[in-house]
Structures are given as structure tokens and as C-alpha cells.
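Structure record follows, encoded as C-alpha cells.
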Amino acid sequence: MANRWTTAGNRICFFYLRPNAKWSNGDPVTAKDFVYSWRRLVDPVNNSPFAYFATLAGIKNAQKIINNELPIEKLGVEAIDNHTLKVTLEQPAPYFLNLTNHFSFFPVNQKIIARYGQNWVAPTNLVGNGAFMLSERIAGEKIVLQPNRHYWDHKNTILTKVTFVPIKQTARAWQSYFAGDVVETEFLPEHLDSKLLQQIPDEFYLAEQLATYY
């Protein structure tokens, strides 16, 4: 949503939002939307399973708010104006910009949540700000997306429809891919890695990951 950003010592960040950034209902996306959304993320009332990402990112007072020691208004995010978002971190964190890619930092529409409550995520109610918008969801069967004509870069959206199919079995996932039933899958049997790299090197991507689990 930002066309540029600056940092001061990797501790204070300014995001300058695109003037033409809009929600899928046509309303403008503003810095206030991000302030609301990030406060909502750490609000202990919501008990978000991804609230810790705000602490991981080092946003000022995030953990104290999660612990219910400070009000959400003390979170280190501020709307300077409609298109300028200021973020203050606890300490310098050069990785902060990368963490903003995580969906927990995506903005949500305050007006829609206030209107529909827990039902704001229903296909007929959900308002987003990405290149696609939800048009249909059948639990356990499929999720269908269509282009968001209000997206700032809509002219470069090529796909006219996207359908996600939930497949729980790994074997079925790769069989569906080779049968042409799906065009992409992230689930493949590990023992086939080397074989697939040889057979379809242009279609198979093996991502390396450095992580710690406990």
C-alpha cells in the first residue's frame, strides 16, 4: 500500500501510502486503517494467535499491551496524516520491513467490522485491499476469488478468477497437479524431491528455510 518508506536508525519508520490505494468497496485506504488494524492485533480482548508478531517486530509497547499492562492507544503506531504512517520500535530492527509482509499486519476495514461483527469475513461482507476479493466460499470445498477493480494496480491483474481447493492428503495433492486438476500445490511427498527436480525442473521449486522450532 506504500509507494515509499524511510527509516531513522532502523527504529522509527515512516510509510507513505499511495494516494490511489483503495478498499474493494472503493473507500480509500488510509494510515488510520493501519493504526486501527495493528491496535486490534495486539488488543488482549481479541486474543489474536498472531499478536506476538507485533512483539517480534519490536513495535513499541506491543508486549505490554498484549499483557494488558497498557491501553492499545500506547502502541507505537501513529497516523501523521491520511497517507503517512509512523511506526516506533523498541530498539533498532532492520528486519522489521520484512516482517510487514506477514498477513497479521494486513489492514482490516474498521467500518465493516463495526457493522457486521464476527460475520465481517462472510463473502458478502468481506472488504479487502488486495488485487483480488472473495466472491465465494464453500467450507471444505473451495474458495473463489475475483479481481478487485479498485486495486491500485488493477490494470496489470492478468488472472480473471482464482479457485483454491483444500486438499488434506499430500499424495492426492500432487496427483491432482499431474492430472491437471490444479495448477499449483505446495504439498508434495518429500521422497520425490530429487525425482521431480530431474523430471520437471521448470515447474518444481524447493524453498530453503532457516528456522528454529520448539
Side-chain angles (χ1 to χ4, degrees), residues 1-7 10-90 93 95-135 137 143 145 148-154:
M1 288 293 97
N3 54 18
R4 65 186 181 94
W5 46 89
T6 61
T7 65
N10 285 320
R11 187 169 181 271
I12 298 177
C13 301
F14 290 91
F15 295 91
Y16 303 94
L17 303 188
R18 301 175 183 277
N20 60 337
K22 294 182 179 181
W23 294 98
S24 55
N25 64 356
D27 291 344
V29 177
T30 70
K32 293 179 182 178
D33 291 320
F34 283 90
V35 173
Y36 165 77
S37 302
W38 292 9
R39 285 177 177 177
R40 183 174 182 272
L41 172 66
V42 298
D43 192 337
V45 172
N46 295 320
N47 195 29
S48 170
F50 289 98
Y52 75 94
F53 256 81
T55 301
L56 185 65
I59 300 177
K60 185 177 180 181
N61 293 328
Q63 190 58 56
K64 290 181 179 178
I65 295 171
I66 294 171
N67 294 343
N68 211 14
E69 298 171 4
L70 288 175
I72 60 174
E73 290 78 14
K74 293 295 183 179
L75 187 67
V77 291
E78 178 184 355
I80 303 301
D81 55 43
N82 281 341
H83 299 107
T84 307
L85 178 70
K86 178 183 178 181
V87 183
T88 302
L89 307 179
E90 296 276 5
Y95 52 82
F96 168 68
L97 291 176
N98 289 334
L99 288 182
T100 59
N101 285 324
H102 191 265
F103 59 78
S104 60
F105 290 120
F106 292 178
V108 291
N109 192 292
Q110 182 178 5
K111 183 172 65 176
I112 297 300
I113 293 176
R115 180 183 302 172
Y116 297 108
Q118 295 293 331
N119 203 37
W120 71 278
V121 295
T124 55
N125 302 334
L126 184 63
V127 169
N129 68 316
F132 293 85
M133 53 190 292
L134 182 65
S135 63
R137 178 180 183 269
I143 295 175
L145 308 181
N148 171 17
R149 63 186 180 87
H150 293 293
Y151 183 61
W152 68 271
D153 198 28
H154 175 64

- Note on the structure: Tightest non-hydrogen contact, residues A93 and A57, listed as CB-O, 4.1 Å
- Task: Kindly indicate whether the side chain of K86, heavy atoms from C-beta on, has any atom under 4.5 Å from the side chain of I12.
- Result: yes
- Looking at side-chain heavy atoms only, is the closest gap between I59 and F96 below 4.5 Å? yes
- Query: If every non-hydrogen atom of T6 is compared with every non-hydrogen atom of R4, which pair is closest and at what distance?
  - Reply: CG2-NH1, 4.5 Å
- Item | Non-hydrogen side-chain atoms of N3 and W152 separated by less than 4.5 Å | no
- Evaluate the side-chain proximity of L126 to Y116: yes if any heavy-atom separation is below 4.5 Å, no if none is. no
- Any chance CD of E73 has more than 12 other-residue heavy atoms, nucleotides or ligands included, within less than 6.0 Å? yes
- Query: Do the side chain of N61 and the main chain of K74 share a donor and acceptor less than 3.5 angstrom apart?
  - Reply: yes
- Item | Under the ring pair (Phe, Tyr, Trp, His ring centres under 6.0 Å) test, residues paired with F53 that sit two or more places apart | H102
- Under the 3.5 angstrom rule, does the side chain of D43 hit a backbone N or O of V45 as a donor-acceptor pair? yes
- Query: At their closest point, which heavy atom of P44 faces which heavy atom of I65, and how far apart are they?
  - Reply: CD-O, 3.4 Å
- Message: Is there a side chain to side chain contact (heavy atoms under 4.5 Å, CB included) between I113 and R40? Walk through the geometry before answering.
- Response: CA-CA 11 Å; I113 293 176; R40 183 174 182 272; 3.7 Å; yes
- Task: State, yes or no, whether a side-chain contact exists between I72 and Y36 at a heavy-atom distance under 4.5 Å.
- Result: no
- Message: Please find the pair of heavy atoms, one from S37 and one from V108, that lie closest to each other, and give the distance.
- Response: OG-N, 2.8 Å
- CA sep, side-chain torsions, deciding dist, call: V87, F15, side chain to side chain contact (heavy atoms under 4.5 Å, CB included): CA-CA 8 Å; V87 183; F15 295 91; 3.9 Å; yes
- Message: So, taking the atom named CD1 in I80 and the one named NZ in K32, what distance separates them when rounded to the nearest 0.5 Å?
- Response: 12.0 Å
- Query: Taking N109 as the fixed residue, which of N125, V127, V29 is the one that meets the side chain to side chain contact (heavy atoms under 4.5 Å, CB included) rule?
  - Reply: V127
- Item | Contact check, side chains of R137 and V121, non-hydrogen atoms, under 4.5 Å | no
- Item | Minimum-distance pair of heavy atoms, taken over all atoms of L89 and N10 | CD1-O, 3.5 Å
- Which heavy atom in K22 sits nearest to a heavy atom in H150, and how many Å separate them? CB-O, 3.7 Å
- Note on the structure: Partner of W23 under side-chain hydrogen bond (donor to acceptor under 3.5 Å, both in side chains), picked from N129, D33, T30, is D33
- Item | Rounded distance [0.5 Å steps], NE2 in H83 versus CZ in R18 | 12.0 Å
- Report the relative orientation of the aromatic rings in F34 and W38; use parallel for angles under 30°, tilted for 30 to 60°, perpendicular for over 60°. perpendicular
- Item | Interatomic distance, N25 atom CG to N148 atom CG [nearest 0.5 angstrom] | 9.0 Å
- With rounding to the nearest 0.5 Å, note down the distance linking CD1 in I66 to OG1 in T55. 3.5 Å
- Non-hydrogen side-chain atoms of L145 and L134 separated by less than 4.5 Å: yes
- Do the non-hydrogen side-chain atoms of T84 and Y16 ever get within less than 4.5 Å of each other? yes
- At what distance, to the nearest 0.5 angstrom, does CE of M1 lie from OH of Y151? 5.5 Å
- Straight-line distance of T100 OG1 to F105 CZ, nearest 0.5 Å: 7.5 Å
